[in-house]
There are 2 protein chains.
Amino acid sequence: MGLREQKKQATRAALSWSAIRLIVERGYDRVLTEDIANEAGVSPRTFNNYFSSKAEAVASRHLDRCLRVAEVLRARPADEPLWDAITEAVLSQFEPGPEVIEHPPLDREAWSAGLRLMVAVPALQAEFLRAAASAEIALAAAVAERTGTDPETDIYPKLVASAVLSASNVATQQFIGRNGQPVDVKQLHIDALRHLSTGLRPPD
Amino acid sequence: MGLREQKKQATRAALSWSAIRLIVERGYDRVLTEDIANEAGVSPRTFNNYFSSKAEAVASRHLDRCLRVAEVLRARPADEPLWDAITEAVLSQFEPGPEVIEHPPLDREAWSAGLRLMVAVPALQAEFLRAAASAEIALAAAVAERTGTDPETDIYPKLVASAVLSASNVATQQFIGRNGQPVDVKQLHIDALRHLSTGLRPPD
DNA sequence: GCAAAACCTGCGGGCCCCGCAAAGATGCGG
DNA sequence: CCGCATCTTTGCGGGGCCCGCAGGTTTTGC
């Protein structure tokens with residue numbers, strides 16, 4: 001990868017991270033695209049060369065996470081049962097990355113509250129969902145590769161990808177909603193994926 | 001319901017329908033909110049009293065459809081097996097309504113092409129997904145009622161609602177993508193839902 | 001080194017969306 | 001039947017978002 005591409009990725013990440021940080025601190029409509037650009041050290045015009053909207057910048061990190069699930073799934077041993085591999089791939093995204101360890105939120109409570117306000121903004125909800133939907137293709141391809149199905153004509157891989165991502169959404173929302181220690185994000189995901197792989201049978 | 005409320009619903013429907021028709025004909029960015037308002041016989045300012053964005057107006061019909069699935073599910077006999085009831089509820093939304101019968105598209109081919117362009121607009125994709133997510137709550141409530149689970153604390157009903165809606169998305173996309181007679185929308189949905197209710201087992 | 005390609009930036013403008021306050025429509029009780 | 005309280009519609013104004021375009025600047029491949 002050339003130097004050019006590296007800088008681009010760095011700028012892109014800086015913009016997305018600045019957007020999230022500022023919006024969690026101040027609220028969505030009190031942050032201008034100009035503020036985000038300044039924070040990342042580029043001109044306002046450049047912001048829109050990287051993202052076609054403020055919302056897309058925020059959702060960009062989410063998109064990356066979803067794409068990494070597909071990547072990890074591909075790297076899992078081929079003889080591992082499908083749903084075990086999927087579960088591991090999904091869980092792998094909840095290990096805190098190096099960036100979060102470097103920049104620990106000073107006030108964890110305030111950050112949490114800001115996050116909750118952020119994910120309540122309609123424009124962002126929509127964009128988060130779209131990000132997941134974009135990753136669906138990559139995830140479906142990984143599933144297809146593993147199950148020997150055709151990602152174009154067969155509906156199965158897309159169905160699995162779509163169900164997994166939406167199950168993850170439900171689990172995450174459950175976690176954010178009850179912002180308590182009583183439940184663990186990972187355990188919520190394990191339960192949700194087990195439901196999926198066992199046919200979503202009603203209790204009784 | 002008072003006369004006041006009736007008129008509001010009529011205006012809302014007229015705006016949404018005008019938005020869709022104009023955008024399918026001309027393309028998303030060649031339709032101004034002003035055009036939509038004029039078409040529906042209200043002032044431009046009033047448009048934004050009903051919808052907070054152009055995209056939301058378009059997705060409004062989709063939201064209604066999703067909500068009706070929950071409604072139909074509630075009306076199904078209580079002793080019917082869950083997945084049979086869900087399947088019937090979903091399929092019920094593909095019966096052409098009275099409005100479509102009244103206003104048959106003059107050129108079916110052009111309409112199809114316009115539709116395909118429309119659903120490719122990122123802002124609309126996002127808003128369609130958000131509409132489905134909104135309906136998820138109502139659908140989860142209907143599932144909870146039927147299975148005797150708690151829609152607040154238990155993850156099961158939300159999981160089912162979310163999986164059903166995303167499966168429907170996949171089926172619909174499959175249908176739009178291959179715009180051919182070889183496959184039937186209803187059959188695609190039946191297959192997708194059966195996959196869900198049987199644990200998304202990989203073939204073999 | 002050097003040309004070609006890619007990128008950043010400022011400018012300009014169209015459009016979207018909202019707050020506000022006045023005018024109009026509607027339903028209710030007397 | 002009428003006035004009154006309430007909800008709705010509308011015009012105006014403005015802040016902000018996003019994009020096309022064209023210029024200068026940096027990176028790449030040779």
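Computed from heavy atoms alone, side chains included, the values below leave out hydrogens, waters and symmetry copies. Keep in mind it's a predicted model, so treat the numbers as computed, not measured. Numbers restart at 1 for each chain; the letters A, B, ... are given by sequence-line order, proteins then strands.
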If you check the [X] side chain, which of [options] turns out closest?
X	options	value
N48(A)	dT26(C), dC18(D), dT10(D)	dC18(D)
N49(A)	dT9(C), dC17(C), dC17(D)	dT9(C)
R45(B)	dT26(C), dG10(C), dC12(D)	dC12(D)

Whether [X] contacts [N] is assessed here as follows: a side-chain N or O lying under 4.0 Å from the phosphate OP1 or OP2. Is that the case?
X	N	result
Y50(A)	dC8(C)	yes
K7(B)	dT8(D)	no
S52(A)	dC18(D)	no
K8(A)	dC7(C)	yes

Measure from [atom1] on [X] to [atom2] on [N] and round the result to the nearest Å.
X	N	atom1	atom2	result
Y28(A)	dC18(C)	OH	P	12 Å
N38(B)	dC15(C)	CG	C1'	15 Å
E56(B)	dC18(C)	CD	C1'	14 Å
R30(B)	dG14(C)	CZ	C1'	15 Å
D35(B)	dG14(C)	CG	P	16 Å
D29(B)	dC19(D)	CG	C1'	11 Å
Q6(B)	dT26(C)	CD	P	12 Å
E34(B)	dC18(C)	CD	C1'	17 Å

Assign each of K54(A) and R4(B) to its nearest nucleotide of DNA chain D by heavy atoms, then name whichever residue's nucleotide is nearer the 5' end.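 The 5'-side residue here is R4(B).
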Verify the neighbour count for atom CZ of R194(B): are there more than 12 heavy atoms of other residues, nucleotides or ligands below 6.0 Å?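 For R194(B), atom CZ is not crowded (no more than 12 foreign heavy atoms under 6.0 Å).
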Going by distance alone, is a donor N or O of one side chain under 3.5 Å from an acceptor N or O of the other, for D191(B) and Q187(B)?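 Indeed, the side chains of D191(B) and Q187(B) share at least one donor-acceptor pair under 3.5 Å.
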State whether [X] and [Y] are salt-bridged, where the test is any N-O pair (Lys NZ or Arg NE/NH1/NH2 against Asp/Glu carboxylate O) under 4.0 Å.
X	Y	value
D84(A)	R76(A)	no
E136(A)	K158(A)	no
R45(B)	E34(B)	no

Have a look at T46(A) and say if it touches a base, only the backbone sugar-phosphate, or nothing, with a 4.0 Å heavy-atom cut-off.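 Counting heavy atoms under 4.0 Å across all strands, the contact made by T46(A) includes a base.
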